[in-house]
Colleague: 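Structure below; questions to follow.
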Amino acid sequence: MSISIRGLRKQFGETVAVASLSLDIAEGEMRVLLGPSGCGKTTTMRCIAGLDAPTAGEIAIRGRTVFSAKDGINMPVNQRRVGMVFQSYAIWPHLTVFENVSFPLEMEGVPRAEIRQRVEDTLALVGLAGFGSRGASYLSGGQMQRVALARSLVMKPSVLLFDEPLSNLDARLRDHLRIELRELQTQFNITGVYVTHDQREALAVADKITVMRAGETLQTGAPIDIYQQPRSSQIAEFLGYTNIFAVESVASCSAGTRVRIRGGSELHVRPAGLIDGDMSVCVRPDDVSIRLSDGALATRPNCIPGTVTLASFMGTHMQYRVRAETGAVWEAISPRLSSDLRVGSAAIIEVPRDRILVLPNG
Amino acid sequence: MAGQATVAGFGTVGRAALPAALFAALGILVVLPFLTLAYASFISAAPFSGDASAWTFANYIDIWSPEMMRAIGNTLVVSLFGTAIAMTIGTLLAWLAARSDIPCRPLVHLAGMMPLFLSLIVAALCWSLLGSGRSGYLNLVFSALGLPFRINMQSLAGIVFVHGVYYVSLPFLYVHSALTLVHPDLEEAAAIHGASLRRTLTRVTFPLVKPAIVGSALLLVVLMAEEFPVPQILAGPTGIETLSIRIYNLMHEVPASEGQASAVAMVLTAFVGLLVYTQRRMLAGRDFRTVTGKGLQVRRFPLGRWRWIALGFVCLYIVIAVVLPLAALVLTALRSNLYISSLAALFDPAQLSTERLRETLASPAVADSLKNSLLAAVSTAAFGGLFYFVLSYAVYRTDVWGRRALEFLAMVPLALPALVMGLGILWTWANVPLPVYGTLAILVIAYLGRFTPQGFRAISSSMLQIHTDLEEAAMVAGASKGRAVRRIVWPLMRAGVAAAMVVLFVLALRELTASLFLYTTDTRVLSIVIYEEYENGGWSAVASLSLIYTLLLGALSLAGRRWMQVRA
């Protein structure tokens with residue numbers, strides 16, 4: 001294991017930022033900590049870096065214990081050999097690009113000639129060859145984040161930490177840098193911890209995602225698994241399941257299992273995975289199909305009649321909102337770019353049985 | 001995490017030793033003088049005099065004489081009326097500079113800042129020259145013009161006037177920066193939702209800057225209530241007393257009433273402390289001076305035909321605050337004969353010579369005092385720059401114990417009148433078996449203590465502008481705490497610290513009140529020499545010295561502003 005965390009707890013006064021967290025991150029793995037702000041993801045990362053001292057627990061990096069409340073070990077941040085890319089970039093404005101990147105090597109006491117070589121190689125790697133003598137405060141946001149990345153890569157860190165590194169960049173640049181970052185990370189087989197609240201970014205860069213909320217981990221798994229099988233309606237909501245309806249009752253019928261959702265619609269669902277207690281039906285908008293109503297009564301199961309309240313052209317797809325006769329509002333995304341469905345049109349939405357997740361709340 | 005602005009990675013030794021050292025330093029500079037004074041107010045003999053003494057409340061009972069009641073009344077008059085005038089002029093100038101289409105806007109700015117360049121001692125001396133008795137220069141002018149009225153600056157009205165004219169910079173700076181910070185979007189939103197320009201001003205702009213107005217007004221009341229040189233120079237000779245003058249007089253009676261002086265000082269401190277507490281409560285969480293405007297496009301109120309009247313007002317203010325006093329200084333410094341019978345004699349070229357000026361400048365006493373002043377000011381700036389840097393760092397960038405208490409202690413001198421600190425420091429160090437009393441060191445100690453709030457604020461505000469990420473990034477990159485501070489924090493803060501040091505230098509150079517209790521014949525500083533010459537009636541020396549003093553302060557303040565602009 002490259003990083004192993006056992007029973008991590010961090011309190012700021014009375015506030016519990018991280019309750020009791022255990023993580024194992026493998027060599028070369030990119031682990032994303034995903035959650036809303038205040039969920040403890042940044043605190044966890046700062047504890048790994050050594051910028052915050054945990055209240056309790058143990059942290060080991062590459063088999064070496066860097067923190068242990070029990071044994072009174074707390075290795076200073078500057079000896080941990082972790083790299084970190086800050087949300088604010090944290091580029092030193094009084095130094096040049098070269099001096100920013102050479103800083104960790106100077107601290108390490110690397111010979112001057114080697115520093116020059118390694119800094120130039122790294123700058124070329126992040127696409128900043130020839131920028132060395134530039135004053136760091138004259139760079140654009142994207143360039144600053146590349147410098148920050150180079151500064152971390154150059155020290156060949158045992159772990160590379162990313163604190164929402166792309167959130168201050170505009171959308172196009174963010175997509176672009178995200179791909180580059182993932183390429184570099186896989187190419188050099190770097191173990192990374194990546195903190196974000198953006199689920200799209202998380203799915204794209206992660207080998208594994210840990211979903212966090214209020215200082216606890218909710219679920220850990222590969223991006224595809226988590227996306228397809230979230231463990232609760234709360235996680236589902238966070239991952240972009242926009243159609244979530246509380247289940248009112250469950251009944252068996254000839255065709256399998258039927259659930260009644262708030263407002264009165266009945267849906268046929270897969271029998272597997274039904275649980276007792278509070279549940280919700282969770283459906284992704286791209287799994288909901290939509291068509292103009294032909295006037296005939298919808299007789300097929302899982303077809304719900306309603307009225308279009310929003311039709312929005314998104315370039316590659318159409319986004320709709322449909323108010324069902326029962327009052328529930330469904331969201332649907334359709335790849336068919338049509339202008340037949342307008343606001344006020346009578347429409348029928350259909351939800352395939354296999355795409356309906358019935359998940360516990362909370 | 002929000003609110004987490006401390007930097008980790010501090011050794012256990014540093015964690016304990018740093019706050020201990022800082023508490024010791026602030027204890028010596030701030031707490032000890034105050035405690036000594038409090039002690040002196042509760043005993044029957046002079047403190048540490050060796051005379052038999054007992055605990056007593058007698059001092060607090062004996063002070064309530066008719067003179068004391070008059071002094072309290074006078075203090076209220078000079079501080080409240082002075083504040084009213086200064087607030088009116090300062091707020092008006094700030095609004096004109098920030099939000100109106102007045103012509104020559106830089107001039108308005110200059111008008112608001114100018115009083116900072118002129119020492120209050122010099123201002124009081126100048127107005128004493130201009131408006132005391134029949135030979136006051138302005139009264140000579142009135143007489144020559146056949147006007148029926150004369151002015152008398154040696155009165156409560158005179159003190160109110162000088163306070164009102166020369167404390168303008170503080171409300172100007174507060175209100176101006178608050179106005180600059182009001183985002184134009186807020187005003188435009190009001191306009192879009194139907195408010196006229198006038199209603200936008202009264203409903204949106206004014207309420208937003210109200211805290212700055214109220215806050216600076218309270219601060220002005222404090223400063224004027226404890227002000228010593230202005231009332232003493234103007235009205236001291238006529239026997240009018242404020243609380244500050246009362247303390248000073250009680251100490252200079254023969255025999256001195258140390259106990260009563262201390263008790264009056266405690267009363268003044270309680271009053272000032274209450275006001276400072278109110279002021280800080282009202283402004284909690286805001287600091288209007290540290291944030292600079294972003295140069296946003298603001299809508300300017302069209303003054304119409306009032307434009308030139310407004311400009312006239314600004315020019316009149318400049319004439320009254322700067323031109324007249326400086327002219328009086330130059331005239332007096334260059335006169336060979338101080339007795340003037342008429343206006344014609346005032347400008348008689350035969351009477352003008354540089355002889356007195358040269359004489360004054362050549363005197364060894366003046367040269368010594370200049371040397372003392374510079375030495376004390378340089379030491380204050382150097383030690384202060386370092387000390388307040390460490391203090392700011394401990395308070396805002398570490399999680400050592402007692403940070404909040406240190407921050408509080410650093411602001412306490414705001415509530416301690418200068419006279420009170422001077423007295424407290426005198427009794428503290430006169431009885432410590434260290435060779436400090438009677439040297440320049442005691443002046444430096446007094447200045448460091450007295451200007452802690454200003455120095456600490458100046459340095460910490462520039463420190464707070466440096467994101468903690470920058471320092472943490474250095475530590476993640478392998479730098480130790482010390483190296484991160486040396487390589488990253490210090491270089492980024494150099495300009496800010498230098499600017500704070502210039503401010504400290506100027507403040508130290510201007511100081512008179514605390515120094516009055518602490519100087520000896522060998523350690524006279526420039527402000528003291530001016531004051532002594534004034535007490536002895538040596539007006540040409542007063543004028544010559546004031547002239548040099550003003551030039552020195554003016555040059556320094558300009559240099560300071562240059563520094564701060566480099567930083568911005």
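By convention in this document, chain letters (A, B, ...) are assigned in the order of the sequence lines, proteins followed by strands, and residues within each chain are numbered from 1. No hydrogens, no waters, no symmetry mates; every other heavy atom, side chains included, goes into these values.
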Colleague: Decide yes or no for B:Arg487 and A:Trp92: does some side-chain heavy atom of the first lie under 4.5 Å from some side-chain heavy atom of the second?
Modeller: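 B:Arg487 does not reach A:Trp92 side chain to side chain.
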
Colleague: Is it the backbone or the side chain of B:Ala474 that comes under 4.5 Å from a heavy atom of chain A, or both, or neither?
Modeller: both

Colleague: Hey, does A:Pro157 have a side-chain heavy atom less than 4.5 Å from the side chain of B:Val476?
Modeller: no

Colleague: Which distance, rounded to the nearest 0.5 Å, do you find between the CG of B:Asp469 and the CE of A:Met84?
Modeller: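 Result: 7.0 Å between the selected atoms.
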
Colleague: Can you tell me how far apart NE2 (B:His467) and OH (A:Tyr89) are? Round to the nearest 0.5 Å.
Modeller: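 Interatomic distance, B:His467 NE2 to A:Tyr89 OH, rounded to 0.5 Å: 11.5 Å.
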
Colleague: If you take all heavy atoms of B:Pro491 and A:His94, which pair is closest and at what distance?
Modeller: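 B:Pro491 and A:His94 have their closest heavy atoms at CB-CD2, 3.4 Å.
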
Colleague: Is the number of heavy atoms from other residues, nucleotides or ligands within 6.0 Å of CZ (A:Arg118) greater than 12?
Modeller: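 More than 12 within 6.0 Å, yes.
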
Colleague: Given a strict heavy-atom distance threshold of 4.5 Å, which part of A:Leu105 is in contact with chain B: side chain, backbone, both, or neither?
Modeller: neither

Colleague: A quick test of your reading: do over 12 heavy atoms of other residues, nucleotides or ligands sit less than 6.0 Å from CZ of B:Phe23?
Modeller: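 Check passes, neighbour count above 12.
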
Colleague: B:Leu470 and A:Pro93: which non-hydrogen atoms are nearest, and at how many Å?
Modeller: CD1-CD, 4.1 Å

Colleague: Specify the closest pair of heavy atoms between B:Ala473 and A:Arg151, including all atoms of both residues, with the distance to one decimal.
Modeller: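 Looks like CB-NH2, 3.5 Å.
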
Colleague: Any chance CZ of B:Arg404 has more than 12 other-residue heavy atoms, nucleotides or ligands included, within less than 6.0 Å?
Modeller: yes

